[in-house]
Amino acid sequence: MASEKPQRTPNFIRNIIIKDLEQGKNEGRVHTRFPPEPNGYLHIGHAKSICLNFGLAAEFSGLCNLRFDDTNPVKEEEEYVRSIIEDVKWLGFDWEDRLYYASDYFKQMYEYAVQLIKKGKAYVCDLTGDQIREYRGTLTKPGVESPYRNRPIDENLDLFERMRTGEFPDGSHTLRAKIDMAHKNLNMRDPVMYRILHAAHHRTGDQWCIYPMYDWAHGLEDSIEGITHSICTLEFEDHRPLYDWFLDQLGVHHPQQIEFARLNLSYTVMSKRRLLELVKEGHVSSWDDPRMPTLSGLRRRGYTPESIRNFSELIGVAKRESVVDIAMLEYCIREDLNKQAPRVMGVLKPLKVVIVNYPQAEAEYLEAINNPEDSKMGTRQIPFSRELYIEQDDFKENPPKKFYRLAPGQEVRLRYAYFIKCVDVIKDPQTGEITELHCSYDPETRGGHAPDGRKVKATLHWVSAADAIDAEVRLYDRLFNVPDPTSDKDQNYKTFLNPNSLEILSNCKLEPCLADAKPGEKYQFERNGYFCVDSVESTTGRLVFNRIVSLKDSWAKIEKRL
RNA sequence: UGGGGCGUAGCCAAGCGGAAAGGCACAGGGUUUUGGUCCCUGCAUUCGGGGGUUCGAAUCCUCCCGCCCCAGCCA
């Protein structure tokens, strides 16, 4: 019988590859690459690209390289290289021995440039940056040729060599491709191939003082590595003619550049520049703040690699610019954790309950299921005693319609324990605030079943007061309070920051089995959500949990309509 | 009034001339010791708009409208 693996949604890039394979292009090879610039941390938008490139390679028995596009030493740092490697690995992808750096190809790129000069297709230009801009023309007006455009080849060769050896200061010369200053596509108006930058590179040190520009370098990197499909984002569509031009002039292996729309997620921002700004200005604590859409932030928050890979598959790949609803991401992590995460009881906002007819000194252990979705995860024993904590939200003195939880005179079940009924509400005489509930329990309902078959409409989670362990729990909400914070042209995106994106609860009471929970471990706090032990600030003596995502809450919806 | 792209449901997204896939969200129902999960059901008579070609158009032609990207010695 045919397996019913969920069919992957087709996308145009996969279709192109299938067609190429049918036509026998590239000797039947599929070879992609993920080419980050090490100038920032990876975010979930990068994850889309990583999953696409590595996923396509895996699907067609091909290869995918990890390559650092490190052609601009003034923006790039070793630290970013480190974090990118960690993140791609964490996501679950393996580039085997194919970790490459554009900077490893500098020598070869230089030689290719010499070839172009010899063909009369490149020249050294002495125009300043401002002049180059002026000469380029505008969107509607053609450019003007540089006075240095027709320099003799020998002179170009000499000058280019001297640029390389460090004879000239930054900005004094460039190497430019000789194409067409009247081209409709501005990228083709004699683009700069090399600029002089007396800056130390994180890998090549001061070996070079000329550095290749993206357009010149990228196609060469792809070509050298034998890439077949060079997948990039939409804004490079205008650069494709140039990508093609360089490779055609050189007559070298010519990968196909294919562009797709980058990911945007609602209620957050995705550009490295803005993310960096949020960090620098202290709107978040760091790149790995659990509210950040960075991979390190999502990891710390408690997102799993599986959930992010699944998300990447679900959102698809197309050329249409779009904003994916963050509810889709939340769905993916719930779906994963529902199957994986052990259940546990934790009270976030405690309200004390005294079981008035439960013997003073008595205590007992009750059996609880670790994961109803997976019986292999077994059971555990949880302590029960006369004084407990329940959630403040689970009691209402004047319950609205459809409120099934605890209320004066109303009976509910304590999960895995007993039916209880509220008999008295104790308040602070000064403030009127409810400080304690007195309840009676039915000893016949041990384990949660009533021998007389009577039903109860709600089951509450609880923790034995004497046995509870204390923890801090951090609740996260969306970082911005509008779906698309950058779409408003008149208002800075930061004016839409959600001031309540972090809520710290410091008096949470958890089941004792959590006492030695390890950083990174994920649990479902029943009826609350999924939580992850913070990997940075949690210690054995002071447990800190991050809420990854709440459980779906249909009561909240009903309540909202009341 | 330059060039390059893109418009299919609230959000993603298939489809590429022969009766509008799928997912998220949403709504209703069933199961349930998590108001969770799971299971059903519903959710585009129509594909940005107008013309045209065709027996037949989301798919082809044409005009129009809207949105995005491009004038770094960034990537």
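Below, chain A is the first sequence line, B the second, and so on; all start at residue 1. On a predicted model such as this, the values are computed, not experimentally measured, just so you know.
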**Prompt:** Taking only side-chain nitrogens and oxygens of A:Thr71, does any of them come within less than 4.0 Å of OP1 or OP2 of B:C74?
**Reply:** no
**Item:** Crowding at OH, A:Tyr365 (>12 non-hydrogen neighbours, <6.0 Å)
**Value:** no
**Asked** Does the aromatic ring of A:Tyr214 sit over the six-membered base ring of B:A75, closer than 5.5 Å centre to centre and tilted less than 30°?
**Response** no
**Message:** If the condition is ring pair (Phe, Tyr, Trp, His ring centres under 6.0 Å), which residues does A:Phe34 pass it with, not counting sequence neighbours?
**Reply:** none
**Message:** Is there a side-chain contact (heavy atoms from CB on, under 4.5 Å) between A:Arg405 and A:Phe395? Walk through the geometry before answering.
**Reply:** CA-CA 6 Å; A:Arg405 281 114 96 146; A:Phe395 175 80; over 6 Å; no
**Message:** So, using ring pair (Phe, Tyr, Trp, His ring centres under 6.0 Å) as the criterion, who are the partners of A:Tyr148 when residues are at least two apart?
**Reply:** none
**Request:** Determine the Euclidean distance between corresponding P atoms of B:U31 and B:C39; express it in Å to zero decimal places.
**Result:** 16 Å
**Message:** Just checking A:Phe531 against A:Phe545, ring centres under 6.0 Å apart?
**Reply:** no
**Request:** For A:Val317, answer base if it contacts any base atom (sugar-phosphate contacts may also be present), sugar-phosphate if it contacts only those atoms, and nothing otherwise; contact means non-hydrogen atoms under 4.0 Å.
**Result:** sugar-phosphate
**Request:** Identify which nucleotide among B:U37, B:A71, B:G3 has an atom closest to any side-chain atom of A:Thr138, counting heavy atoms from C-beta outward.
**Result:** B:A71
**Complete:** B:G5 glycosidic conformation (syn if within 90° of 0, otherwise anti) is anti
**Asked** Taking both distances under 3.5 Å as the test for a Watson-Crick or G-U pair, what stems of at least three pairs does RNA chain B have?
**Response** B:2-7 with B:65-70, B:10-12 with B:22-24, B:26-30 with B:38-42, B:48-52 with B:60-64
**Request:** Determine the contact category for A:Glu373: base if any of its heavy atoms lies under 4.0 Å from a base atom, sugar-phosphate if only primed atoms, P, OP1 or OP2 are that close, otherwise nothing.
**Result:** base
**Request:** Output yes when at least one side-chain N/O atom of A:Arg195 is less than 4.0 Å from OP1 or OP2 of B:C74, else no.
**Result:** yes
**Prompt:** For A:Phe68, what residues pass the ring pair (Phe, Tyr, Trp, His ring centres under 6.0 Å) criterion, not counting sequence neighbours?
**Reply:** A:Tyr101
**Item:** Separation of atom CZ in A:Arg415 from atom P in B:U37, rounded to whole Å
**Value:** 14 Å
**Message:** Quick check on B:C73: is either OP1 or OP2 less than 4.0 Å from any side-chain nitrogen or oxygen of A:Thr128?
**Reply:** no
**Message:** Is A:Arg133 close enough to B:G72 that one of its side-chain N or O atoms is under 4.0 Å from OP1 or OP2 there?
**Reply:** yes
**Request:** Under 4.0 Å between any heavy atoms, over every strand shown, what does A:Leu139 touch: base, sugar-phosphate, or nothing? Just pick one.
**Result:** base
**Item:** Candidate pair A:Asp87 and A:Tyr41, rule side-chain hydrogen bond (donor to acceptor under 3.5 Å, both in side chains), full reasoning
**Value:** CA-CA 9 Å; A:Asp87 287 347; A:Tyr41 283 70; over 6 Å; no
Do any side-chain atoms of residues 553-562 of chain A form donor-acceptor pairs under 3.5 angstrom with protein atoms, and if so which ones, sequence neighbours left out?
from: A:Asp553; atom 1: OD1; to: A:Trp555; atom 2: N; distance (Å): 3.2
from: A:Asp553; atom 1: OD1; to: A:Ala556; atom 2: N; distance (Å): 3.0

**Asked** Which pairs with one or both residues in residues 265-276 of chain A pass side-chain hydrogen bond (donor to acceptor under 3.5 Å, both in side chains), sequence neighbours excluded?
**Response** A:Asn39-A:Lys272
**Asked** When we call it a touch if two heavy atoms are under 4.0 Å apart, what does A:Leu263 touch: a base, just sugar-phosphate, or nothing?
**Response** nothing
**Message:** Donor-acceptor pair, distance only, cut-off 3.5 Å: does the side chain of A:Arg195 make one with the backbone of A:Gly171?
**Reply:** no
**Prompt:** Base, sugar-phosphate, or nothing for A:Asp238, non-hydrogen atoms under 4.0 angstrom?
**Reply:** base
Dump every N/O contact between nucleotides 28-32 of chain B and the protein below 3.5 Å, one line per pair.
none

**Prompt:** Which of the following nucleotides, B:U34, B:A75, B:G2, is nearest to the side chain of A:Thr459?
**Reply:** B:U34
**Asked** Around A:Lys396, counting heavy atoms of other residues, nucleotides and ligands shown, do more than 12 lie under 6.0 Å from its NZ?
**Response** yes
**Request:** Identify, with sequence neighbours excluded, every residue that meets side-chain contact (heavy atoms from CB on, under 4.5 Å) alongside A:Asp206.
**Result:** none
**Prompt:** So what does A:His239 touch, heavy atoms closer than 4.0 Å: a base, only the sugar-phosphate, or nothing?
**Reply:** base
**Message:** Side chain of A:Lys75, heavy atoms from C-beta onward: which of B:G15, B:C74, B:A71 has the nearest atom to it?
**Reply:** B:C74
**Item:** Smallest separation among heavy atoms of A:Cys125 and A:Ser146, with atom names
**Value:** SG-OG, 3.2 Å
**Prompt:** Mind checking the P distance from B:C16 to B:C64? Whole angstroms is fine.
**Reply:** 29 Å
**Whole-angstrom distance between B:C12 and B:C47, as gauged at atom C1'** = 16 Å
**Message:** For a quick check of understanding: with a heavy-atom distance under 4.0 Å over all strands, which category does A:Asn11 fall into, base, sugar-phosphate or nothing?
**Reply:** sugar-phosphate
**Message:** Using side-chain hydrogen bond (donor to acceptor under 3.5 Å, both in side chains), reason through A:Glu161 and A:Tyr110 one step at a time and then give a plain yes or no.
**Reply:** CA-CA 10 Å; A:Glu161 164 72 13; A:Tyr110 180 84; 3.1 Å; yes
**Asked** Are any of A:Asn15's side-chain N or O atoms less than 4.0 Å away from OP1 or OP2 of B:G15?
**Response** yes
**Item:** Nearest-nucleotide comparison on RNA chain B, the residue closer to the 5′ end among A:Glu235 and A:Ala556
**Value:** A:Ala556
**Prompt:** If the P atom of B:G23 is compared with that of B:G7, how far apart are they to the nearest Å?
**Reply:** 22 Å
Is there any protein nitrogen or oxygen under 3.5 Å from a nitrogen or oxygen in nucleotides 20-25 of chain B, and what are the pairs?
from: B:C24; atom 1: OP1; to: A:Tyr331; atom 2: OH; distance (Å): 3.1

Could you tabulate the donor-acceptor pairs under 3.5 Å formed by side-chain atoms of residues 338-351 of chain A, not counting sequence neighbours?
from: A:Asn338; atom 1: OD1; to: A:Arg343; atom 2: NH2; distance (Å): 2.7
from: A:Gln340; atom 1: NE2; to: A:Asp336; atom 2: OD1; distance (Å): 3.3
from: A:Arg343; atom 1: NH1; to: A:Asn338; atom 2: O; distance (Å): 3.0
from: A:Arg343; atom 1: NH1; to: A:Ala341; atom 2: O; distance (Å): 2.8
from: A:Arg343; atom 1: NH1; to: A:Asn371; atom 2: OD1; distance (Å): 3.1
from: A:Arg343; atom 1: NH2; to: A:Asn338; atom 2: O; distance (Å): 3.3

**Message:** Should the side chain of A:Arg527 and the base of B:G35 be counted as holding a donor-acceptor pair, with the cut-off at 3.5 Å?
**Reply:** no
**Asked** If the C1' atom of B:U62 is compared with that of B:C43, how far apart are they to the nearest Å?
**Response** 35 Å
**Prompt:** Which part of the nucleic acid does A:Phe236 contact within heavy-atom distance under 4.0 Å: base, sugar-phosphate only, or nothing?
**Reply:** base
**Message:** For a quick test of reading the model: is some side-chain N or O of A:Arg136 closer than 4.0 Å to OP1 or OP2 of B:G72?
**Reply:** yes
**Message:** Using the P atom as the point on both nucleotides, what is the distance between B:C63 and B:C11, in whole Å?
**Reply:** 29 Å
**Prompt:** Would you find a donor on one side and an acceptor on the other, under 3.5 Å apart, between the side chain of A:Arg162 and the backbone of A:Glu167?
**Reply:** no
Could you go through nucleotides 6-9 of chain B and list every protein N or O atom that sits under 3.5 Å from one of its N or O atoms, giving the distance for each pair?
from: B:U8; atom 1: OP2; to: A:Arg320; atom 2: NE; distance (Å): 3.2
from: B:U8; atom 1: OP2; to: A:Arg320; atom 2: NH1; distance (Å): 2.2
from: B:U8; atom 1: O4; to: A:Arg320; atom 2: NH2; distance (Å): 3.4

**Asked** Residues in salt bridge (charged side-chain N to carboxylate O under 4.0 Å, His left out) with A:Asp20, at least two apart?
**Response** A:Lys25
**Prompt:** Base, sugar-phosphate, or nothing: which does A:Val456 touch, judged by heavy atoms less than 4.0 Å apart?
**Reply:** nothing
